[in-house]
Number of protein chains: 2
Amino acid sequence: MFAHVNVRPATMPSILGGLTARHANCITSEFHYRKGSEIYGEKEPAEYVYQVVSGAVRSYKLLSDGRRQIGAFHLVGDIFGLENAETHRFTAEAVVDTDVRLIRRMSLERVADSDFALARNLLIMTTSNLQHAEDHMLLLGRKTALERVAAFLLEMDRRLTGVGVVALPMCRRDIADYLGLTLETVSRALSKLHGYGAVDFLGSNQREIMLIDRDQLSRLDN
Amino acid sequence: MFAHVNVRPATMPSILGGLTARHANCITSEFHYRKGSEIYGEKEPAEYVYQVVSGAVRSYKLLSDGRRQIGAFHLVGDIFGLENAETHRFTAEAVVDTDVRLIRRMSLERVADSDFALARNLLIMTTSNLQHAEDHMLLLGRKTALERVAAFLLEMDRRLTGVGVVALPMCRRDIADYLGLTLETVSRALSKLHGYGAVDFLGSNQREIMLIDRDQLSRLDN
DNA sequence: CGCTTTGTTGACACTCGTCAAACTAAGTGG
DNA sequence: CCACTTAGTTTGACGAGTGTCAACAAAGCG
């Protein structure tokens, strides 16, 4: 599984706009997390910022009775765990075996006061997280199950390859908890999309490769 | 339009941490919006940043068929319309007759590069918007109607007075579109909470004053 | 080749949405 | 001042969409 993923550090957007190592005066190192293992927990002190080198990560919140809302998936190249408070607001777990680059975090005050460009990058990244959350609120509050799944496939296609071929790293339950649905509803929506011809499945391994018809999905997505 | 503009010394927490006028080199002025009128539209260029002086504002997104998701309510003292891209990502409307203070916006680049403290304030405000959106995703994705309404009342109490007495400026439809419900479901949830003794209504005017039992509501909220 | 995990599908239940009616409050003009 | 209108709220009846529970199939794995 994921045998062909080859990391090319040189082609990956470098963390914090290429400013980390020399400006933040910190050590960057790589670390491996096995599928399902926790990278950090909600309310833990935020010591590091992370970048996905290979694999995928989910960030989620829990209610007291175990209901889970995944706020975002972090894919290759994405930065996550960026907080300017002292603690993490999500739990982060590896969706599959995942390599991450770690950067020891500085306090926000020192960062923002010491480097204009870095401060701007922090703001840009935070804003892009905010924008994603804003769009996701619309999805969670107002879209139907079919629209959510269509939007999800389009998002993953855009972020993974952008060519209409998607190999999802996450399972149905993860998708469901991202979309505010149950895994059964996600499965049914995918079957329906398959029936419409908007999605085709290649190979019959568990983590199927999907061929998606972006025009058709876009029409469903509003 | 712009008939009542009058410049005033700050009697409330001044915008952008008291740095606007002298640091951002801009004019602050007040303006009045009548109930229901639009302050800015989604995708319009972001020329100003706003602060609520009196009244209340809703920020929302629409789907093509008219479904609406309110992302946030802005109450007295709140700053809104803060974008670092060139355009607004929400439409903003006055919920009731509302006075706002306007500050002409600078481009993000110039702001962040010219003032450390201002850059930090921008980041702090953006982060607090992000945190609200993250919490709201959990509500929209995973909470029941009753839990959403309970959480809403607690949020409004906290932000308006914090003493368990709430006078909501917005109508049932606004609440519904904020919580991802219908107005009927909101009304039923409030009736149920009233039945539980978690909410009491004072006076019988339209915009009732509510007495809320925060302990009881907190138990429902998870 | 069993065993476990993940995904699919069906039957059914239930929450919430839809539609409709009654009611209250507020605004308007004669 | 009072009918009349308009906007907003509440409540009921009903139905649709999604969740729940269960059975089965498929895939991964030792």
Side-chain angles (χ1 to χ4, degrees), chain A residues 1-3 34-36 58 63 65-69 95-97 139-150 152-153 167-195 199-210 220, chain B residues 34-36 58 63 65-69 95-97 139-150 152 167-195 199-210 220:
Chain A
M1 183 189 289
F2 275 80
R34 281 234 244 302
K35 175 174 177 169
R58 56 180 174 251
L63 293 178
D65 61 358
R67 281 173 286 174
R68 183 179 70 158
Q69 179 63 43
V95 170
V96 292
D97 283 16
L139 179 148
L140 293 171
R142 287 300 177 219
K143 291 188 182 178
T144 67
L146 205 62
E147 289 167 344
R148 295 182 201 202
V149 173
F152 174 74
L153 293 175
L168 296 176
M170 70 290 288
C171 68
R172 297 288 184 264
R173 171 166 297 280
D174 286 342
I175 300 173
D177 286 350
Y178 180 60
L179 299 178
L181 301 169
T182 60
L183 62 92
E184 292 94 334
T185 299
V186 170
S187 184
R188 277 186 255 268
L190 284 170
S191 297
K192 192 176 254 186
L193 291 174
H194 184 64
V199 180
D200 260 357
F201 301 92
L202 278 199
S204 52
N205 21 357
Q206 182 131 3
R207 198 101 310 134
E208 311 109 6
I209 292 166
M210 297 183 180
L220 288 171
Chain B
R34 280 231 246 303
K35 175 175 176 168
R58 57 180 172 251
L63 293 177
D65 61 359
R67 280 173 287 174
R68 182 178 71 159
Q69 179 63 43
V95 170
V96 292
D97 284 15
L139 179 147
L140 293 171
R142 286 300 178 221
K143 292 189 181 177
T144 66
L146 204 63
E147 289 167 344
R148 295 182 202 203
V149 172
F152 174 73
L168 295 176
M170 70 290 288
C171 68
R172 297 286 183 265
R173 171 166 296 282
D174 286 341
I175 300 172
D177 286 350
Y178 180 59
L179 300 178
L181 301 169
T182 61
L183 62 92
E184 293 94 333
T185 300
V186 170
S187 184
R188 276 185 254 268
L190 284 170
S191 297
K192 191 176 254 185
L193 291 174
H194 183 63
V199 181
D200 261 356
F201 302 91
L202 278 200
S204 54
N205 23 355
Q206 182 129 4
R207 197 101 309 133
E208 311 109 5
I209 291 166
M210 296 183 181
L220 288 169

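The analysis underlying the following values was restricted to heavy atoms, covering all of them including side chains, and did not include hydrogens, waters or symmetry mates. Quick note on labels: first sequence line is chain A, next is B, and so on, each numbered from 1.
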Could you check how far [atom1] of [X] sits from [atom2] of [N], rounded to whole Å?
X: D174(B); N: dA7(D); atom1: CG; atom2: P; answer: 15 Å
X: L146(B); N: dG17(C); atom1: CG; atom2: P; answer: 13 Å
X: E208(A); N: dA27(D); atom1: CD; atom2: C1'; answer: 10 Å
X: L168(A); N: dA27(D); atom1: CG; atom2: P; answer: 16 Å
X: R172(A); N: dA27(D); atom1: CZ; atom2: C1'; answer: 13 Å
X: R173(A); N: dT20(D); atom1: CZ; atom2: C1'; answer: 12 Å
X: L139(A); N: dT18(D); atom1: CG; atom2: P; answer: 12 Å
X: F201(B); N: dT10(D); atom1: CZ; atom2: C1'; answer: 10 Å

Within a strict 4.5 Å, meaning less than it, do heavy atoms of the [X] and [Y] side chains meet?
X: R173(A); Y: R68(A); answer: yes
X: H194(A); Y: D200(A); answer: yes
X: R142(A); Y: L140(B); answer: no
X: L190(B); Y: R172(B); answer: yes
X: L179(B); Y: T185(B); answer: no

key: Inter- and intrachain pairs under salt bridge (Lys or Arg N to Asp or Glu O under 4.0 Å), touching residues 178-195 of chain A, at least two apart   =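 Pairs touching residues 178-195 of chain A that pass the test: none.
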request  = With heavy atoms under 4.0 Å as the rule, sort G36(A) into base, sugar-phosphate or nothing.
outcome  =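 The answer is nothing, as G36(A) stays clear of every strand by at least 4.0 Å.
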ask   = When all nucleic acid strands are considered with a 4.0 Å heavy-atom cut-off, which category describes L190(A): base, sugar-phosphate, or nothing?
value =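 Here L190(A) touches no strand at all.
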Reckon [X] has a side-chain N or O less than 4.0 Å from the OP1 or OP2 of [N]?
X: T185(B); N: dG17(C); value: yes
X: S191(A); N: dT9(C); value: yes
X: T182(A); N: dG19(D); value: yes

ask   = Counting side-chain heavy atoms from C-beta on, which of dG8(D), dT11(D), dC16(C) comes nearest to T144(B)?
value =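 Out of dG8(D), dT11(D), dC16(C), the nucleotide with an atom closest to T144(B)'s side chain is dC16(C).
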Below 3.5 Å is the cut-off: list the nitrogen or oxygen pairs between protein and nucleotides 13-16 of chain D, distance only.
none

ask   = Any N or O donor-acceptor pair linking the side chain of E184(B) to the base of dC19(C) at under 3.5 Å?
value =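 Side chain to base: pair found, below 3.5 Å.
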key: Any residue meeting ring-ring contact (aromatic ring centres under 6.0 Å, His included) with Y178(B), in chain and number order, not counting sequence neighbours   =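 Scan of Y178(B) (ring-ring contact (aromatic ring centres under 6.0 Å, His included), adjacent residues dropped) gives F73(B), H136(B), F152(B).
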